[in-house]
Amino acid sequence: QVQLVESGGGMVQPGGSLTLSCAASGFSVAAYHIGWIRQAPGKGREGVSCITKSDGRTYYTGSVKGRFTMSRDNARNTVYLQMNSLKPEDTAVYYCATDIRPGAVSCASIPRLYEYGYWGQGTQVNVSS
């Protein structure tokens, strides 16, 4: 059974940092693309980052490039999102997601990560002074 569990959210001041974790079970994180998607209050879901299966190449949406870093620990079967220089506009519920079905959306298609079929429950990130 595919399961994703996010953790690490919280409240932070602008300019601060947080690291989100996504613990996977029922599949290997090295075998499928995994993405982070966020949803701010009153807005649609936005693809944030993605890490490819096998070679672990990462992709980011433009607004977080240079500030967020996605990584993977195969031994722990967990992916991470290190978020630095946080801004109020980063406030959102952050979800990790994957898709084990054939023909899953490529990591390069960041705006389409919402199509992934398996999602965690999300973790809230609030950036405020």
Side-chain angles (χ1 to χ4, degrees):
Q1 181 180 0
V2 173
Q3 192 169 16
L4 298 162
V5 179
E6 303 95 334
S7 62
M11 182 169 288
V12 64
Q13 292 186 338
S17 299
L18 281 174
T19 299
L20 307 183
S21 299
C22 172
S25 59
F27 72 102
S28 170
V29 296
Y32 299 96
H33 304 327
I34 299 179
W36 284 97
I37 300 105
R38 65 187 179 186
Q39 186 163 22
K43 295 189 177 181
R45 291 170 289 183
E46 177 190 24
V48 175
S49 65
C50 189
I51 189 165
T52 61
K53 61 184 179 181
S54 299
D55 64 358
R57 184 174 180 179
T58 52
Y59 293 82
Y60 303 91
T61 191
S63 63
V64 309
K65 281 182 181 177
R67 300 189 297 122
F68 290 11
T69 303
M70 188 173 182
S71 62
R72 183 176 72 201
D73 185 332
N74 294 344
R76 295 180 182 271
N77 214 35
T78 299
V79 297
Y80 302 94
L81 186 67
Q82 172 70 43
M83 305 186 295
N84 298 326
S85 302
L86 283 161
K87 304 176 181 180
E89 51 264 43
D90 295 318
T91 294
V93 178
Y94 283 72
Y95 302 89
C96 61
T98 191
D99 206 330
I100 65 173
R101 299 169 296 182
V105 169
S106 164
C107 268
S109 299
I110 288 283
R112 292 181 57 196
L113 294 183
Y114 68 91
E115 296 181 20
Y116 280 175
Y118 297 86
W119 292 59
Q121 83 288 350
T123 186
Q124 178 72 49
V125 172
N126 288 312
V127 185
S128 174
S129 55

Phe68 and Tyr94 aromatic ring geometry - parallel, tilted or perpendicular at 30°/60° bounds | tilted
Taking the side chain as every heavy atom from C-beta outward, state whether [X] and [Y] have any pair of such atoms under 4.5 Å apart.
X      : Y      : answer
Leu4   : Thr98  : yes
Ile51  : Ser71  : no
Val48  : Ile37  : no
Val125 : Met83  : yes
Phe27  : Ile34  : yes
Pro14  : Pro88  : yes
Cys50  : Ile110 : yes

Intermediate values then yes/no, side chain to side chain contact (heavy atoms under 4.5 Å, CB included), Leu20 and Trp36 | CA-CA 10 Å; Leu20 307 183; Trp36 284 97; 3.7 Å; yes
Decide, yes or no, whether a salt bridge links Asp99 with Arg101 under the criterion of side-chain N to carboxylate O below 4.0 Å.
-> yes
Looking at every non-hydrogen atom in both residues, tell me the closest pair between [X] and [Y] and how far apart they are.
X     : Y      : value
Leu81 : Ser49  : CD1-OG, 3.5 Å
Ser63 : Glu46  : OG-OE2, 4.0 Å
His33 : Cys107 : CB-SG, 3.7 Å
Ala30 : Asn74  : CB-OD1, 3.7 Å

Quick check: does any side chain N or O of [X] sit under 3.5 Å from a backbone N or O of [Y], one acting as donor and the other as acceptor?
X     : Y     : value
Ser85 : Arg67 : no
Glu6  : Cys96 : yes
Asn77 : Ser28 : no
Gln82 : Met70 : no
Thr52 : Arg57 : yes

Same cluster (ILVMFWY, side-chain, under 4.5 Å), Leu86 and Val64 = yes
Do Tyr80 and Tyr60 share a hydrophobic cluster, counting only Ile, Leu, Val, Met, Phe, Trp and Tyr and linking them when any side-chain heavy atoms are less than 4.5 Å apart?
-> no
Hey, mind stepping through Tyr116 and Val105 against side chain to side chain contact (heavy atoms under 4.5 Å, CB included) and telling me if it holds?
-> CA-CA 7 Å; Tyr116 280 175; Val105 169; 3.8 Å; yes
Chi angles and distances behind the side chain to side chain contact (heavy atoms under 4.5 Å, CB included) call for Tyr95, Thr123 | CA-CA 7 Å; Tyr95 302 89; Thr123 186; over 6 Å; no
Could you tell me whether the side chains of Gln13 and Ser129 share a donor-acceptor contact shorter than 3.5 Å?
-> no
Classify the side-chain pair Thr91/Asn126 by whether it contains a donor and acceptor separated by less than 3.5 Å.
-> no
Starting at [atom1] of [X], measure out to [atom2] of [Y] and round the result to the nearest 0.5 Å.
X      : Y     : atom1 : atom2 : result
Lys43  : Glu89 : NZ    : CD    : 8.0 Å
Lys53  : Arg72 : NZ    : CZ    : 11.0 Å
Ser109 : Tyr59 : OG    : OH    : 9.5 Å
Leu18  : Asn84 : CG    : CG    : 9.5 Å

For the pair Val29 and Thr78, evaluate side chain to side chain contact (heavy atoms under 4.5 Å, CB included) and give the outcome as yes or no after the intermediate values.
-> CA-CA 7 Å; Val29 296; Thr78 299; over 6 Å; no
